[in-house]
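Values below: every heavy atom of this structure, side chains too, minus hydrogens, waters and symmetry copies.
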Amino acid sequence: MSDAYFPVDPGLGLEENFLSLDDILMSQEKLPGRAESTLPRLAFALGQGAGTGDSLPEGSKLEIPLWLAKGLHDSKRRIISVELPKVYKEAWRTVFSADANVVDLHKMGPYYYGFGSQLLNFDNPENPEIAQTILQTFITRFRRIMDSSQNAYNEDTSALVARLDELERALFQAGQKGLNDFQCWEKGQASQITASSLVQNYGKRKFTDMEG
């Protein structure tokens with residue numbers, strides 16, 4: 001019986017994969033911003049008006065999902081401006097550079113890496129520093145995550161993953177699967193290794209060509 005849903009990996013960097021549930025959920029994360037011009041008939045959609053025809057006046061403070069912010073952002077027309085969430089600001093970047101392992105990323109934002117990469121779509125003079133912090137945070141935390149996944153066999157791992165963002169949780173699970181598969185192989189419980197159907201079909205084609 002085939003699975004009802006095949007997991008689709010999220011996009012990389014500035015790109016989103018709209019078939020990925022992780023990217024869909026990440027695009028719902030809110031961004032603080034400001035209306036740089038009057039936004040006709042958008043007040044109700046943004047939760048700041050009583051009727052669908054209400055306009056949002058220039059200068060209004062906004063809390064809008066990432067997907068809508070990207071749609072409204074236009075550096076030439078200045079429809080909206082976007083502010084950095086606090087976890088990507090200089091104060092928190094200093095904390096990450098001091099010791100990224102102490103930060104509870106899931107509490108700060110369950111899609112820290114993906115959401116931070118999407119922020120680079122907006123014109124911000126701090127973009128180079130944000131990108132560098134995201135990269136260094138991942139590098140710093142990666143080894144501890146994989147070490148933890150390899151040293152937690154048949155244990156309750158809920159406490160280990162509680163402070164990880166969604167990307168890190170996926171890495172942890174991949175490490176756990178690799179460990180479990182290896183343990184099964186050591187105990188002789190692994191399935192018999194067989195050639196893939198791709199290799200088998202290739203062999204059959206080659207043999208047929210030789211006969212012809």
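At a threshold of 4.5 Å between non-hydrogen side-chain atoms, the residues L84 and I130 count as touching. Residues V103 and W92 meet the side-chain proximity criterion, which asks for heavy atoms closer than 4.5 Å. Side-chain atoms of V161 and I145, non-hydrogen and from C-beta on, never get closer than 4.5 Å to each other. Contact of the P110 side chain with the D165 side chain is not registered, since no non-hydrogen atoms from C-beta on lie closer than 4.5 Å. Taking 4.5 Å as the limit, every side-chain heavy atom of L164 sits out of range of all side-chain heavy atoms of L105. Contact of the K70 side chain with the N121 side chain is registered, since non-hydrogen atoms from C-beta on lie closer than 4.5 Å. Contact of the L66 side chain with the Q28 side chain is not registered, since no non-hydrogen atoms from C-beta on lie closer than 4.5 Å.
Listed by first and then second residue, the salt bridge (charged side-chain N to carboxylate O under 4.0 Å, His left out) pairs that reach into residues 93-117 are R93-E126, sequence neighbours excluded. Sorted by first and then second residue, the salt bridge (charged side-chain N to carboxylate O under 4.0 Å, His left out) pairs with a member in residues 144-153 read R143-D147; sequence neighbours excluded. Here salt bridge (charged side-chain N to carboxylate O under 4.0 Å, His left out) pairs that include residues 129-141, with residues two or more places apart or in two chains, are R141-E168.
Atom CD in Q176 sits 10.0 Å away from atom CG in N151 (nearest 0.5 Å). In this structure, the separation between CG on N124 and OG on S81 is 10.5 Å, given to the nearest 0.5 Å. Note that CD1 of I64 and CG of L72 are 5.5 Å apart. Values are rounded to the nearest 0.5 Å. Taking OG1 of T133 as the reference point, atom CD of E90 lies at 9.5 Å (rounded to 0.5 Å). Note that the NE2 atom of H73 and the CG atom of L68 stand 13.0 Å from one another [nearest 0.5 Å]. Annotation: the span from Q173 atom CD to T157 atom OG1 amounts to 8.0 Å, rounded to 0.5 Å.
Take F172 and apply the ring pair (Phe, Tyr, Trp, His ring centres under 6.0 Å) test, not counting sequence neighbours, and it matches no residue. Under the rule for a ring pair (Phe, Tyr, Trp, His ring centres under 6.0 Å), the partners of F96 that lie at least two apart in sequence or sit in another chain are Y112. For the salt bridge (charged side-chain N to carboxylate O under 4.0 Å, His left out) test, residues two or more places apart in sequence or in another chain that qualify with E83 are K61. Applying the side chain to side chain contact (heavy atoms under 4.5 Å, CB included) rule to P85 yields the partners L31, P32, Y88, F115, L119; only residues at least two apart in sequence or on another chain are considered. Residues that satisfy the salt bridge (charged side-chain N to carboxylate O under 4.0 Å, His left out) test with R163, not counting sequence neighbours, are absent from this structure. Listed by chain and residue number, Y111 satisfy the side chain to side chain contact (heavy atoms under 4.5 Å, CB included) test with L25 (two or more places apart in sequence, or in another chain). Annotation: salt bridge (charged side-chain N to carboxylate O under 4.0 Å, His left out) contacts of K86 (sequence neighbours excluded): none. The side chain to side chain donor-acceptor pair (under 3.5 Å) test applied to S158 returns D156, not counting sequence neighbours. Residues meeting the side chain to side chain donor-acceptor pair (under 3.5 Å) test with S149, sequence neighbours left out: none.
Salt bridge annotation for D181-K177: present, with a cationic side-chain nitrogen under 4.0 angstrom from a carboxylate oxygen.
Inspection of the E58 and S37 side chains reveals no N or O donor paired with an N or O acceptor under 3.5 Å.
Residues L167 and L135 are members of separate hydrophobic clusters, defined by side-chain heavy-atom contacts under 4.5 angstrom among Ile, Leu, Val, Met, Phe, Trp and Tyr. V102 and F138 fall within a single hydrophobic cluster, where Ile, Leu, Val, Met, Phe, Trp and Tyr side chains are chained together by heavy-atom contacts under 4.5 Å.
Looking only at distances, no side-chain donor or acceptor of E29 sits under 3.5 Å from a matching main-chain atom of G109. No donor-acceptor pair under 3.5 Å is formed between the side chain of S60 and the backbone N or O of L56.
Heavy-atom minimum distance, I24 versus S27: O-OG, 2.8 Å. Annotation for A69 and V82: closest pair CB-CG2, 4.4 Å, computed over non-hydrogen atoms. Across S117 and I134, no two heavy atoms sit closer than the pair N-CD1, 3.8 Å. Residues P128 and P125 come closest through the heavy atom pair CD-O, 3.6 Å.
When the shell of 6.0 Å around CD of E63 is examined, it contains more than 12 heavy atoms from other residues, nucleotides or ligands.
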Apply side-chain contact (heavy atoms from CB on, under 4.5 Å) to R169 and H106, showing your working. CA-CA 10 Å; R169 290 184 175 189; H106 202 266; 3.3 Å; yes

